[in-house]
Novice: 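Sharing a structure below in structure tokens format, with a few things to ask.
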Amino acid sequence: MRRYLYIKTFGCQMNVHDSEKMRALMENVGYGETADVKTADLVILNTCSIREKAAQKVYSQLGRLRALKRRKPGLIVGVGGCLAQQWGEKFVEKMPFVDFVVGTHNIHRLPGIVESVENTGIPVVETAFHQTVESLNLVAMPCNGRISAYITIMQGCDNFCSYCVVPHLRGKEESRAFEDVLEEVKILSGRGIKEVMLLGQNVNSYGNTTQGGCDFADLLYAIGRIPAIERIRFTTSHPKDIQDKLVACFSEVDSLCEHIHLPVQSGSNRILQMMNRCYTIDEYCTIVDKLRKACPDISITSDIIVGYPGETDKDFHETITMMEKIRFDSVFSFKYSDREGTAAYGLKGKVPESVKGKRLRTLQSLQDEHTLEKNTSMTGRTEEVIVEGISKNSGDDVYGRTRTNKIVNFRGDQGLIGKTVSVKITEAYLHSLRGILLSHREVTEC
Ligand code: SAH
Ligand code: SF4
Ligand code: F3S
């Protein structure tokens, strides 16, 4: 009898892709997917622990699952991802309805873990770190009809930013072999994928752990030579690892999209040093200048944390000054969240929640002005858009993304989905653009 898996993902794009890998592994052993948790035989929460709020979301979902399992005792409940890695055994001790915990280095073991629970009913916890992470080479092919696919190129992080749990939960940096990444991109291109998103916690240190001396820029040049891949994106980059060779890719690799997510975290050198970020604001601004020189239309987005322990009004003001100077296209901004096990956890000078809240609101309203200003500057221009689907707000419209990663809605129908089209931008909003379809070209044949 066919069994069904319901999987809910929390956190970053790396976790989203890990869920795709889990789905593929379970599909191989006969589990179909269901979007309705009530019809599932197996439920997996793929969790995140980056901030307390992310962990809270998982706990409240687990509360609902406890109730569901009371009504359906045969249901198998598993927890994966970063919170699973962090809590390990504690999950099954404190929440006896949890049947298994699968850590970030053990995804490839998922089918065996589920089989063991099915056969014995005994909880399984697999959270050991391994020297070589087998799951790094797991491949999850996107469903038919998709135009964009994730590809893991490295995993883990050696940077130990003082506030961040990721290095503790994903382990040491490890890059995938150059040939394996290229092979995967070629297979994807043969299946109609037009856009690849290269994933890693710090993609621009790609190659540090592989043989052959190929670095991230070499990888971009190589993928850039695969004709059917129209767009290359990547996330995330650490400013300290941006070399001139990578900057040059933005003018030399045609398929590399004009967008970079480059987390700055703070505008204060004092705070950056405490965060162990290894660059100054002047150095960050120099990188931005080089990127804009190499690629004048580049969209630059960032992450900023407010209220790091010891952050004064002066430090925060420096963040605002930096934002006014750089003018990001958009920013993900967060209140500092204390995470056990990180270097910042024990620091004195914790900033009160009310102050963090006020700083966040100030920062976000300034960023909204900048985002709208950037979006408005695009009106009148003709943009290349790959159509992703029917718009959420109107069945008469479709939406897609520009190369700079901005969402555009315009009149169009189902038949345009997956097509690369030219759209004239007519209106700009905070979270999207509106335009008029000018023309479309068919899928480029390889
Ligand atoms: N590897 C990526 C970021 C991963 S986490 C990189 O280095 O760019 C995504 C973002 O979450 C970080 O850039 C940071 O802004 C934020 N973040 C991480 N830990 C945090 C914490 N303890 N409190 C608040 N925000 C945090
Ligand atoms: Fe966390 Fe810093 Fe590593 Fe990013 S680079 S994952 S913020 S430790
Ligand atoms: Fe969260 Fe882990 Fe990603 S903590 S942000 S799921 S690497």
Side-chain angles (χ1 to χ4, degrees), residues 8-19 22 45-58 79-87 103-105 107 133 135 150 152-173 198-206 208 234-242 260-267 271-272 274-279 284 300-309 311 319 328 330-347 350-351 353 356-357 359-360 363:
K8 185 163 174 72
T9 312
F10 302 81
C12 61
Q13 285 157 305
M14 272 138 282
N15 240 24
V16 173
H17 191 38
D18 283 349
S19 289
M22 291 187 200
L45 300 187
N46 193 13
T47 65
C48 172
S49 178
I50 197 80
R51 286 168 290 275
E52 187 53 31
K53 231 177 170 177
Q56 290 300 344
K57 279 190 202 160
V58 177
V79 189
C82 290
L83 199 64
Q85 185 64 42
Q86 189 171 15
W87 293 116
T104 54
H105 281 199
I107 294 173
V133 186
S135 50
Y150 290 126
T152 310
I153 64 162
M154 53 92 65
Q155 82 108 49
C157 178
D158 293 343
N159 290 321
F160 289 93
C161 302
S162 61
Y163 49 82
C164 184
V165 286
V166 172
H168 307 269
L169 305 179
R170 295 259 167 180
K172 285 183 72 60
E173 269 182 25
L198 310 178
L199 290 178
Q201 290 298 344
N202 185 17
V203 286
N204 38 18
S205 68
Y206 171 84
N208 288 355
F234 60 84
T235 196
T236 302
S237 305
H238 194 304
K240 77 173 170 51
D241 295 314
I242 301 269
I260 187 166
H261 186 64
L262 195 60
V264 62
Q265 311 298 0
S266 169
I271 298 292
L272 286 174
M274 288 206 282
M275 287 175 160
N276 191 28
R277 289 291 290 178
C278 307
Y279 53 83
Y284 186 92
I300 301 180
T301 58
S302 200
D303 292 346
I304 299 179
I305 297 174
V306 297
Y308 182 82
E311 186 189 72
T319 297
F328 293 109
S330 73
V331 163
F332 293 106
S333 49
F334 312 100
K335 289 194 249 179
Y336 168 78
S337 171
D338 223 9
R339 306 310 286 142
E340 205 176 336
T342 62
Y345 187 66
L347 288 183
K350 298 274 150 69
V351 176
E353 279 304 306
K356 285 194 238 175
R359 287 181 187 165
L360 193 69
L363 186 156

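Computed from a predicted structure; not experimentally measured. Start at 1 and go down the list; that is how both ligands and their atoms are numbered.
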Novice: Identify the closest protein heavy atom to atom 8 (S) of ligand 2: which residue and atom is it, and at what distance?
Specialist: Cys161 N, 3.3 Å
Novice: So which heavy atom in the protein is nearest atom 5 (S) of ligand 1, and how far is it from that ligand atom?
Specialist: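 Answer, as residue, atom name and distance: Ile50 CD1, 3.5 Å.
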Novice: At a 4.0 Å threshold, what atoms of ligand 2 neighbour a non-hydrogen atom of Phe160?
Specialist: 8 (S)
Novice: With respect to atom 2 (Fe) of ligand 2, please indicate if His238 possesses an N, O or S atom at a distance under 2.8 Å.
Specialist: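 It does not: His238 brings no N, O or S atom closer than 2.8 Å to atom 2 (Fe) of ligand 2.
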Novice: Can you name the atoms of ligand 2, numbered from 1 with element, that are less than 4.0 Å from a heavy atom of Gln201?
Specialist: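 Matching atoms, with element in brackets: 6 (S).
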Novice: Would Gln201 count as being in polar contact with ligand 1, using the rule that some N or O on each side must be under 3.5 angstrom apart?
Specialist: yes
Novice: Counting non-hydrogen protein atoms only, what is the nearest one to atom 3 (Fe) of ligand 3? Give residue, atom name and distance.
Specialist: Cys12 SG, 2.3 Å
Novice: Closer than 4.0 Å to some heavy atom of Pro167 - which atoms of ligand 2 meet that?
Specialist: 8 (S)
Novice: Give the residue and atom name of whichever protein heavy atom lies nearest to atom 2 (Fe) of ligand 3, and the separation in Å to one decimal.
Specialist: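 Protein heavy atom with the smallest distance to atom 2 (Fe) of ligand 3: Cys82 SG, 2.2 Å.
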Novice: I need the atoms of ligand 1 closer than 4.0 Å to a non-hydrogen atom of Tyr336, numbered in the order shown.
Specialist: 23 (N), 24 (C)
Novice: Can an N or O of Tyr163 be found at a distance shorter than 3.5 Å from an N or O of ligand 1?
Specialist: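 For ligand 1, there is an N or O atom that lies under 3.5 Å from one belonging to Tyr163.
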Novice: Under 3.5 Å between any N/O of Ser337 and any N/O of ligand 1: does that happen in this structure?
Specialist: yes
Novice: In the protein, what heavy atom is nearest to atom 5 (S) of ligand 2, and what distance, to one decimal place, separates them?
Specialist: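 For atom 5 (S) of ligand 2, the nearest protein heavy atom comes out as Asn159 ND2, 3.4 Å.
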Novice: Looking only at protein heavy atoms, identify the closest one to atom 7 (S) of ligand 2 and say how far it is in Å.
Specialist: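 Nearest protein contact, heavy atoms only, for atom 7 (S) of ligand 2 is Tyr163 OH, 3.4 Å.
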Novice: With backbone taken as N, CA, C and O and side chain as the heavy atoms from C-beta onward, which portion of Met14 lies under 4.0 Å from ligand 3: side chain, backbone, both, or neither?
Specialist: neither
Novice: If we only consider heavy atoms of Ser49, is any one of them less than 4.0 Å away from an atom in ligand 3?
Specialist: yes
Novice: Have a look at ligand 2 and work out which part of Lys240, if any, has a heavy atom under 4.0 Å from it: side chain, backbone, both or neither.
Specialist: neither
Novice: Of the backbone atoms (N, CA, C, O) and the side-chain heavy atoms from C-beta on, which set of Lys335 has a member under 4.0 Å from an atom of ligand 1: side chain, backbone, both, or neither?
Specialist: backbone
Novice: Show which atoms of ligand 2 fall inside a sub-4.0 Å distance from at least one heavy-atom site of Cys157.
Specialist: 3 (Fe), 5 (S), 6 (S), 8 (S)
Novice: Nearest protein heavy atom to atom 16 (C) of ligand 1, by residue and atom, and its distance?
Specialist: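 Checking every protein heavy atom, the shortest distance to atom 16 (C) of ligand 1 gives Arg51 NH1, 3.2 Å.
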Novice: Is it the case that ligand 1 has an N or O less than 3.5 angstrom from some N or O of Asp303?
Specialist: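 For ligand 1, there is an N or O atom that lies under 3.5 Å from one belonging to Asp303.
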Novice: Of all the heavy atoms in Asn15, does at least one lie under 4.0 Å from an atom in ligand 3?
Specialist: yes
Novice: Which atoms from ligand 2 have a heavy atom of Cys164 less than 4.0 Å away?
Specialist: 1 (Fe), 6 (S), 7 (S), 8 (S)
Novice: Which atoms of ligand 1 have any heavy atom of Gln265 under 4.0 Å away?
Specialist: 12 (C), 13 (O), 14 (C), 15 (O)
